[in-house]
Amino acid sequence: MAIQKYPITLTRNSYNGRDARKREEAIGHNRLAARAGEYVNDKGATWPQGTVRTIETYEIASALSATVDEVSAALGFENGITFER
């Protein structure tokens with residue numbers, strides 16, 4: 001896992017086809033990615049400059065009331081995210 005730079009940005013699902021189910025999945029993914037990114041960036045904002053920390057996927061999932069699998073998909077990482085402030 002590579003170290004991400006603060007503030008992090010997460011990949012969004014850009015599906016814009018006609019399939020309503022896929023469109024709803026993309027909207028849900030993007031909402032969760034936005035919430036996860038906001039959570040991680042807000043948490044990182046309180047840390048001193050030069051700090052490298054890891055936030056585990058289960059911690060983010062618990063804070064957002066989501067499943068670990070949903071958060072893993074939103075982050076694009078399986079176990080968490082390591083980033084430098």
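Values in this document were obtained by computation on a predicted structure and should not be read as measured data.
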Query raised in the report: Could you state the interatomic distance from CD (E24) to CD1 (I27), rounded to the nearest 0.5 Å?
Result: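 The CD1 atom of I27 is 4.5 Å from CD of E24, to the nearest 0.5 Å.
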
Report summary line: One should read off an interatomic distance between T57 OG1 and D69 CG, to the nearest 0.5 angstrom, of 9.5 Å

Query raised in the report: Any side-chain heavy atom of E70 within less than 4.5 Å of one from T67?
Result: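 In short, these two side chains touch, coming nearer than 4.5 Å.
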
Report task. Report the residue from R21, K22, R23 that forms a salt bridge (Lys or Arg N to Asp or Glu O under 4.0 Å) with E25. Result ->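 The option that passes is R21.
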
Query - Nearest heavy atoms of A36 and L75, plus distance in Å - result: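 Shortest heavy-atom separation between A36 and L75 comes out as CB-CD2, 4.4 Å.
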
N/O donor-acceptor pair under 3.5 Å between [X] side chain and [Y] backbone:
{"X": "S62", "Y": "E59", "value": "no"}
{"X": "R85", "Y": "G44", "value": "yes"}
{"X": "T54", "Y": "T82", "value": "no"}

**Report entry** Verify same cluster id: F77, V71 (apolar side-chain graph, 4.5 Å)
**Finding:** yes

Query raised in the report: Is L64 linked to V68 within one hydrophobic cluster, defined over Ile, Leu, Val, Met, Phe, Trp and Tyr using a side-chain heavy-atom separation of less than 4.5 Å?
Result: no

Report task. Kindly state each residue pair satisfying side chain to side chain donor-acceptor pair (under 3.5 Å) with at least one member in residues 2-17, sequence neighbours excluded. Result -> K5-E84

Requested in this report: Sort and list the pairs that fulfil ring-ring contact (aromatic ring centres under 6.0 Å, His included) and have at least one residue in residues 43-73, not counting sequence neighbours.
Outcome: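 Qualifying pairs: W47-F83.
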
